[in-house]
Amino acid sequence: MQVLGIDIGGSGIKGALVDLDSGEFLTDRIRIRTPSSFSIEAVEKVVAKLVCKFDYTGPIGVGFPAAVAGGVVLTPPTAHHIPGWVGQSVDDRFSEATGQRVVVLNDADAAGLAEMRFGAGKGVNGVVITVTLGTGVGAGLFMDGKLVPNLEIGKLFLPGHDEVVEQYMAGRLRKELGLKWSEYGERLHEFCLHVEHVFSPRLIIIGGGISSKHQKFFTEDQLHRTPLVPAKLLNQAGITGAAVWAAEAAL
């Protein structure tokens, strides 16, 4: 089965046809620049344009940078605090714009879903937490492989800190603050220890672009009980997970 997955990011809206048996792309990834206004009307036009480029009919999954429940946006988009999104049924709006059935989920949930089906979390039961380090700190929560949506882990406060997690250890902060890899690793360690204490997961998976350099800032045995591993799908994860979400919603 092949399904179109789309990942809406702060700088680009990307898509590819995904083989749901392997998780691999069946086409080259196509990227269109994200509209600077990030208005609903502008974004849905780009999504429709992207679908046309693939000449695709069928279910479509879209990863979106906000909490989404039942196809409705619950929180302002992470990278663009633009009014007008909260309360909108993006499932309905994107479906109308494309003429296809579209289902939308949080982008970090999409990345985590890809890792659970095809990557580092495949076959792992119990509680698994996937963490995406980038502009913010996103996360996916899974129980026996099933997604529990919208874990806004970046909004947590670590003990003894006045700022939320995504203002303390988002991937962008390493360069912005001039942190050494070891210093950034200490922040990640502190965060993961807190996650381990609160959730007692079987596995924590670290994703996002920075995870490709995981050897520089973490080791798999650095927590008390929980293995810590890098994500495997990297930049493919958001698109692949969105396609999985659409396929499973269509069942």
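This is a predicted model, so every value here is computed, not measured.
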Under 6.0 Å from the [atom1] atom of [X], do we count more than 12 heavy atoms belonging to anything else shown?
| X | atom1 | result |
| --- | --- | --- |
| D162 | CG | no |
| K155 | NZ | yes |
| E183 | CD | yes |
| N125 | CG | yes |
| R225 | CZ | yes |

Counting only N and O atoms by type, is there a donor-acceptor contact under 3.5 Å from the side chain of [X] to the main-chain atoms of [Y]?
| X | Y | answer |
| --- | --- | --- |
| S211 | P230 | no |
| D107 | G63 | no |
| N106 | A66 | yes |
| T132 | G208 | no |
| T27 | L17 | yes |
| W181 | R174 | no |
| R29 | Q236 | no |
| Y184 | M169 | yes |

Roughly how far, to the nearest 0.5 Å, is [atom2] of [Y] from [atom1] of [X]?
| X | Y | atom1 | atom2 | result |
| --- | --- | --- | --- | --- |
| D92 | R101 | CG | CZ | 10.5 Å |
| S11 | R31 | OG | CZ | 4.5 Å |
| F64 | W85 | CZ | CH2 | 4.0 Å |
| L203 | T130 | CG | OG1 | 9.5 Å |
| I129 | M143 | CD1 | CE | 12.0 Å |
| R117 | D21 | CZ | CG | 13.5 Å |

Tell me the closest heavy-atom pair linking [X] and [Y], and the distance in Å.
| X | Y | answer |
| --- | --- | --- |
| E163 | F157 | O-CD2, 3.6 Å |
| F217 | I210 | CE2-O, 3.4 Å |
| N150 | V68 | ND2-O, 2.8 Å |
| A114 | A237 | CB-O, 3.3 Å |
| G134 | A170 | O-CB, 3.5 Å |
| F118 | L20 | CZ-O, 3.5 Å |

### Query
Where do K146 and E248 land on the salt bridge (charged side-chain N to carboxylate O under 4.0 Å, His left out) test, with the steps shown first?
CA-CA 11 Å; K146 294 182 179 180; E248 294 185 354; over 6 Å; no
Can you confirm whether [X] sits close enough to [Y] that some side-chain heavy atom of one is under 4.5 Å from a side-chain heavy atom of the other?
| X | Y | result |
| --- | --- | --- |
| I153 | V137 | yes |
| V128 | M116 | yes |
| P227 | I204 | no |
| V3 | V18 | no |
| K232 | E115 | yes |
| S200 | V127 | no |
| F94 | V43 | yes |
| V90 | V72 | no |

### Ionic contact status for E166 with R172, cut-off 4.0 Å
no
### NZ/NE/NH1/NH2 to OD/OE distance under 4.0 Å, E41 and R93
yes
### Task
Before giving the answer on side chain to side chain contact (heavy atoms under 4.5 Å, CB included), spell out for E190 and E186 the whole-Å C-alpha distance, their side-chain angles and the decisive distance to 0.1 Å.
CA-CA 6 Å; E190 183 180 1; E186 289 172 2; over 6 Å; no
### Query
Between H161 and Q167, does a side chain to side chain donor-acceptor pair (under 3.5 Å) hold up when you go through it step by step?
CA-CA 10 Å; H161 291 270; Q167 296 302 323; over 6 Å; no
### Query
Aromatic rings H214 and F218: how do their planes relate, parallel, tilted or perpendicular, breaks at 30° and 60°?
tilted
Hydrophobic cluster identity match, [X] and [Y], side-chain contacts under 4.5 Å:
| X | Y | value |
| --- | --- | --- |
| V165 | L173 | yes |
| L105 | V86 | no |
| F25 | L234 | no |
| M1 | V103 | yes |
| F142 | L133 | no |

### Query
So, Q2 versus Y56: side-chain donor-acceptor pair below 3.5 Å or not?
no
### Query
In terms of side-chain heavy atoms, does E196 have a donor or acceptor partner in T226 at a distance below 3.5 Å?
yes
